[in-house]
Enquirer: 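Okay, handing you the structure first.
Numbered from 1 within each chain, the chains take letters A, B, ... in sequence-line order.
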2 protein chains.
Amino acid sequence: MVAAADTLSQTFAALADPTRRAILGRLAEGEATVSQLAEPFDVTLPAITKHLKVLERAGLVERSKRAQWRPCRLKAAPLRDAAGWIADYRRFWEASLDRLDAYLQKVQAELPADPKNKKGSQRGRK
Amino acid sequence: MVAAADTLSQTFAALADPTRRAILGRLAEGEATVSQLAEPFDVTLPAITKHLKVLERAGLVERSKRAQWRPCRLKAAPLRDAAGWIADYRRFWEASLDRLDAYLQKVQAELPADPKNKKGSQRGRK
DNA sequence: CGTTTATTTTACCTTCTGGTTATTTTACCC
DNA sequence: GGGTAAAATAACCAGAAGGTAAAATAAACG
């Protein structure tokens with residue numbers, strides 16, 4: 001425990017499920033009720049309710065009451081923060097920097113690695 | 001099961017833990033061994049090994065062997081895809097669009113509230 | 001060879017997750 | 001009020017997560 005359920009963790013955890021990502025995708029097209037959201041998926045409604053609760057706790061979805069419906073709409077603010085966190089790593093994947101970096105680290109890893117390289121004689125146990 | 005553990009889900013799941021994000025942060029400064037990575041945290045080494053395995057399976061970390069050390073380095077490629085997914089929602093949080101959108105959806109929510117759109121003629125999705 | 005250092009593996013435990021079915025609640029409608 | 005549709009809740013379950021302590025590997029070193 002102690003996990004503290006920080007906002008960023010909740011956001012990423014919410015995004016770590018394909019069903020939930022699809023729900024957000026659907027909500028990007030506009031408000032939808034729970035049944036409408038559930039329709040494309042092969043799961044029961046309570047399962048969708050749970051997913052929505054996760055999304056709601058993560059601040060990614062907001063719900064209102066309209067008659068017996070509970071329409072949901074997208075709230076993208078947490079995505080801004082998530083994108084912000086990831087953006088710090090942009091330089092690592094941009095251009096060939098990733099490969100260059102890998103190369104440099106590999107060289108750095110190889111040089112001071114084997115001053116002698118002895119062979120062990122232990123070989124038959126498991 | 002059936003979840004298929006798609007790449008994006010694995011990436012987001014890996015990022016959903018503060019310890020793992022901190023590990024990535026440390027690796028952004030350069031290669032590090034397991035013990036070095038573990039040092040700032042109040043957890044045992046096996047816990048770090050597990051976190052590293054998660055990061056490795058997500059393709060965010062690559063490891064090599066150097067003597068008895070297993071130096072880790074950052075691989076940011078999956079972050080590019082994650083950033084790409086989130087970027088699709090950029091318009092929802094930018095500027096005042098979020099509030100405007102909320103307003104529009106609220107209005108939209110209030111107006112067509114009462115018609116007798118009962119059986120499946122709501123929207124015809126699918 | 002035996003020791004030491006670095007890391008992984010092996011149980012094992014507890015909590016969280018995602019799913020289910022069955023039952024309630026909520027609110028409209030006649 | 002009774003019926004009906006939408007959604008939530010309750011109770012339950014299997015499996016994954018994150019953690020631990022203790023034992024096992026791996027590789028340098030003396």
Side-chain angles (χ1 to χ4, degrees), chain A residues 1-5 9-10 12-23 31-39 41-58 61 63-72 112-126, chain B residues 1-5 9-10 12-23 31-39 41-58 61 63-72 112-122:
Chain A
M1 351 166 163
V2 182
S9 295
Q10 275 183 256
F12 282 131
L15 297 182
D17 184 287
T19 303
R20 285 195 293 263
R21 287 200 304 279
I23 287 176
E31 199 173 277
T33 69
V34 179
S35 316
Q36 287 171 338
L37 290 174
E39 194 266 330
F41 305 105
D42 193 22
V43 292
T44 57
L45 250 128
I48 300 296
T49 297
K50 284 191 179 182
H51 281 306
L52 287 174
K53 217 172 273 184
V54 172
L55 291 168
E56 209 177 1
R57 267 189 307 141
V61 153
R63 340 182 52 176
S64 41
K65 296 189 177 186
R66 188 151 87 242
Q68 65 259 224
W69 293 275
R70 296 292 176 290
C72 306
D114 50 321
K116 274 239 195 100
N117 203 347
K118 282 182 122 172
K119 280 196 216 181
S121 52
Q122 45 203 137
R123 208 49 154 141
R125 277 197 66 79
K126 168 75 217 253
Chain B
M1 13 187 129
V2 180
S9 295
Q10 274 183 257
F12 282 131
L15 297 181
D17 184 287
T19 302
R20 284 194 294 262
R21 287 199 305 278
I23 287 176
E31 199 175 277
T33 69
V34 178
S35 316
Q36 285 171 339
L37 290 173
E39 194 266 328
F41 306 106
D42 195 23
V43 292
T44 58
L45 251 129
I48 300 296
T49 296
K50 281 192 181 181
H51 281 307
L52 287 175
K53 218 171 274 186
V54 172
L55 290 169
E56 210 177 0
R57 265 190 307 142
V61 154
R63 340 183 53 177
S64 40
K65 295 190 178 186
R66 189 151 84 242
Q68 65 257 229
W69 292 276
R70 296 290 177 282
C72 307
D114 57 288
K116 22 314 224 145
N117 43 3
K118 292 209 141 166
K119 302 187 107 191
S121 50
Q122 279 262 103

Enquirer: Just how far, in rounded Å, is P of dG18(D) from CG of Leu15(B)?
Expert: 12 Å
Enquirer: Report the residues that fulfil side chain to side chain contact (heavy atoms under 4.5 Å, CB included) with Ala22(A), sequence neighbours left out, ordered by chain and then residue number.
Expert: Phe41(A)
Enquirer: So does Arg66(B) pair up with Glu31(B), basic N to acidic O under 4.0 Å?
Expert: yes
Enquirer: Reckon Lys53(B) has a side-chain N or O less than 4.0 Å from the OP1 or OP2 of dT9(C)?
Expert: yes
Enquirer: I need the NZ-C1' distance between Lys65(B) and dA28(D), as an integer number of Å.
Expert: 15 Å
Enquirer: Round to the nearest Å and state the distance from Glu31(A) atom CD to dA6(D) atom C1'.
Expert: 15 Å
Enquirer: How many whole angstroms separate atom CD of Gln68(B) from atom P of dA27(D)?
Expert: 9 Å
Enquirer: Nearest-nucleotide wise, let me know which of Arg20(A) and Thr33(B) is further upstream toward the 5' end of DNA chain C.
Expert: Thr33(B)
Enquirer: I'd like to know if the side chain of Arg20(B) and the backbone of Ala13(B) have a donor-acceptor N/O pair within less than 3.5 Å.
Expert: yes
Enquirer: Just by modelled atom types, is the Gln36(B) backbone N or O under 3.5 Å from a matching donor or acceptor in the Glu39(B) side chain?
Expert: no
Enquirer: For Glu39(B) and dA6(C), what is the distance between atoms CD and C1' respectively, to the nearest whole Å?
Expert: 15 Å
Enquirer: How long is the line joining CZ of Phe12(B) and P of dA17(D), in whole Å?
Expert: 17 Å
Enquirer: Counting only non-hydrogen atoms, which of residues 44-52 of chain B are less than 4.0 Å from DNA chain D?
Expert: Thr44(B), Pro46(B), Ala47(B), Lys50(B), His51(B)
Enquirer: So, taking the atom named OG1 in Thr33(A) and the one named CZ in Arg63(A), what distance separates them when rounded to the nearest 0.5 Å?
Expert: 10.0 Å
Enquirer: With sequence neighbours excluded, tell me which residues meet side chain to side chain donor-acceptor pair (under 3.5 Å) with Arg21(A).
Expert: Asp6(B), Ser9(B)
Enquirer: Mapping Asp42(A) and Arg70(B) to their closest nucleotides on DNA chain C, which lands nearer the 5' end?
Expert: Arg70(B)
Enquirer: Should Arg63(B) be listed as having a side-chain N or O under 4.0 Å from OP1 or OP2 of dT8(C)?
Expert: yes
